[in-house]
Amino acid sequence: MPHKDTVSWNVLISSFLRNKRTRDVLGVFDSMVRDEFGCKPDDVTCLFLLQACADLGALEFGDKVRNYMEENGYGDAIKLCNSLISMYSRCGCLDQAYEVFNRMREKNVVTWSAMISGLAMNGHGRGALEAFRQMGQAGVPPDDQTFTGLLSACSHCGLLDEGMLFFETMTKQYGIKPNIHHYGCIADLMGRVGKLDQAYELIMSMKELKPDSALWRTLLGACRIHHNVTLGETVVGHLVELKAQEAGDYVLLLNIYSSVGDWEKVKDTRRFMKERGIQTSLGCSSIIVKGVVHEFLVDDVSHSRKEEIYTTMDEINKQLKIAGYVADITSELHNLDEEEKGHALSYHSEKLAMAFGILATPPGTTIRIAKNLRTCVDCHEFAKALSWVYNRVVVIRDRNRFHHFREGRCSCDDFW
DNA sequence: ATAGGGTTAG
């Protein structure tokens with residue numbers, strides 16, 4: 001192995017990150033720490049590593065990088081601390097993000113924005129607004145990304161008036177022109193509180209910016225929440241026009257049809273998807289116990305402890321039923337009768353992961369689950385009930401968002 | 001090689 005210095009390895013790590021080879025990034029770091037390459041990680045290496053940990057939700061590894069930073073004199077570097085705040089937030093550990101934030105003597109616009117986004121992402125919308133106020137008091141001017149975090153906080157909490165006001169003052173007071181993300185937040189905010197037509201008008205009124213597929217999907221999600229068939233179909237039309245329609249969009253449309261009981265259209269859409277070969281991806285949830293990653297798919301029977309898991313699952317169902325939990329079937333796509341629907345939802349991947357968490361960790365341990373898709377309404381209710389009955393904190397991370405369940409409530413209650 | 005980003009997905 002020819003000698004390569006730290007900079008060369010950093011360049012390699014950076015290309016790994018760009019190409020989503022995130023796990024390889026962790027491997028290179030371990031090798032560097034073990035001095036297998038004749039050079040040590042520097043501040044730039046750590047910065048990349050924290051980004052990788054955030055992408056993977058690899059909390060333990062993130063802690064390791066933080067220890068390394070502190071032992072090697074990078075503990076106070078502002079860029080690294082800002083990245084730490086983001087990493088902890090994106091791992092669902094708001095307490096630790098806040099601890100880093102609090103200890104920083106110098107806070108710049110990135111520091112504040114990271115904290116505001118972290119609060120928003122973890123369901124503390126009001127906290128994000130409060131942080132923004134403090135930021136103003138501290139005399140740090142916000143920028144476009146600060147407002148992205150702030151507006152998303154408003155949409156998470158359904159704070160329509162506040163959100164609209166921020167959207168306005170952003171331009172008038174701070175001279176920041178809204179970008180597509182800002183429009184996304186506002187469309188989401190309007191959509192969630194049920195002002196679907198207003199959200200549609202906002203998107204159609206965009207002049208300089210062209211609505212992208214993500215923006216349309218935001219509105220489609222709102223159509224699902226409010227069971228709006230007509231607008232839902234219009235939005236899918238826009239996605240088709242952009243040639244950006246994906247399997248998930250048709251699933252949302254299916255959900256909208258089934259929520260209003262239009263089984264004919266459910267059938268048509270299913271047929272359409274089959275004819276076009278539109279494949280839906282499987283829900284997959286993972287949980288780490290004693291350093292081992294356990295993955296579950298829907299109705300998964302491949303786990304070595306499957307008998308125990310299903311027995312635990314049945315026991316949990318029994319206990320939750322006693323506590324008053326009733327399966328919510330609005331997410332189910334099939335035209336089944338209520339009892340069958342209740343069964344069809346029983347073994348979503350996150351439920352299996354939760355059952356395994358109950359089974360394999362000591363009482364009181366926080367159950368942390370990562371999911372590749374969004375959690376359905378029923379699993380959300382299930383997790384709430386479970387957090388209450390079993391007295392456990394449950395943290396579920398879906399694609400970009402965290403749900404913190406504690407004592408029968410979720411951090412995103414009412415708006416998710 | 002150098003920080004912080006919203007929304008959508010059975």
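This structure is a prediction, so every number in the text was calculated from the model and none was measured. Numbers restart at 1 for each chain; the letters A, B, ... are given by sequence-line order, proteins then strands.
Between Phe147(A) and Phe167(A), a ring centre-to-centre spacing not shorter than 6.0 Å is recorded. Checked against a 6.0 Å centroid threshold, the rings of Tyr174(A) and Phe166(A) do not count as neighbours. Under the 6.0 Å cut-off for aromatic ring centres, His380(A) and Phe405(A) qualify, their centroids lying closer than that.
Arg217(A) has its CZ atom 17 Å from the P atom of dG6(B), to the nearest Å. Here dG5(B) presents its P atom at 12 Å from CG of Asn122(A), a figure rounded to the nearest Å. Residue Asp43(A) contributes atom CG, which lies 8 Å from atom C1' of dT2(B) at whole-angstrom precision. Whole-Å rounding puts the Met104(A) CE to dG4(B) P distance at 12 Å. Atom NE2 of His182(A) is separated from atom P of dG6(B) by 11 Å (rounded to the nearest Å). Taking atom CD1 of Ile186(A) as the reference point, atom P of dT8(B) lies 14 Å away to the nearest angstrom. Atom pair Asn10(A):CG and dA3(B):P shows a separation of 12 Å (rounding to whole Å applied). Atom CG in Asp398(A) sits about 12 Å away from atom C1' in dT7(B), given to the nearest Å.
Between His156(A) and the phosphate of dT7(B), there is a side-chain N or O to OP1/OP2 separation shorter than 4.0 Å. Regarding contacts with the backbone of dG5(B), every side-chain N or O of Ser113(A) stays at 4.0 angstrom or more from both OP1 and OP2. Distances shown here put every side-chain N or O of Ser213(A) at or beyond 4.0 Å from the OP1 or OP2 atom of dT8(B). The phosphate of dT8(B) has OP1 or OP2 within less than 4.0 Å of a side-chain N or O from Arg192(A).
The side chain of Ala114(A) lies closest to dG4(B), out of dG4(B), dG5(B), dA3(B). In this structure, the nucleotide among dG6(B), dA9(B), dG4(B) sitting nearest to the side chain of Gln145(A) is dG4(B). For Ala214(A), counting side-chain heavy atoms from C-beta on, the closest listed nucleotide (dG5(B), dT7(B), dA1(B)) is dT7(B). Checked against dA9(B), dA1(B), dT7(B), the side chain of Asp42(A) finds its nearest nucleotide in dA1(B). Each of dT8(B), dG4(B), dT7(B) was ranked by its minimum atom distance to the side chain of Asp143(A); first place goes to dG4(B). Residue Thr148(A) places its side chain closer to dG5(B) than to any other of dT2(B), dG4(B), dG5(B). The side chain of Thr218(A) lies closest to dT8(B) when the candidates are dT8(B), dG4(B), dA1(B). Looking at the side chain of Val11(A), the nearest of the listed nucleotides dA1(B), dG5(B), dA3(B) is dA1(B). Distances from the side chain of Asn108(A) to the nucleotides dT8(B), dA3(B), dG5(B) place dA3(B) closest.
Under the side-chain hydrogen bond (donor to acceptor under 3.5 Å, both in side chains) test applied with Asn122(A), the options Arg397(A), His404(A), Arg90(A), His403(A) reduce to a single match, His404(A).
At distances below 3.5 Å, at least one donor-acceptor pair connects side-chain atoms of His182(A) with backbone N or O atoms of Asp144(A).
Base engagement by Leu373(A) is indicated by at least one non-hydrogen atom pair under 4.0 Å involving a base atom. Phe147(A) comes within 4.0 angstrom of no nucleic acid atom, judged by non-hydrogen atoms across all strands. Counting non-hydrogen atoms under 4.0 angstrom, Thr45(A) reaches nothing in the nucleic acid. Counting non-hydrogen atoms under 4.0 angstrom, Ala120(A) reaches nothing in the nucleic acid. Across all strands, Leu252(A) comes closer than 4.0 Å to base atoms (heavy-atom distances).
Contact check on Asp268(A) versus Arg271(A) returns a salt bridge, with a Lys/Arg side-chain nitrogen under 4.0 Å from an Asp/Glu carboxylate oxygen.
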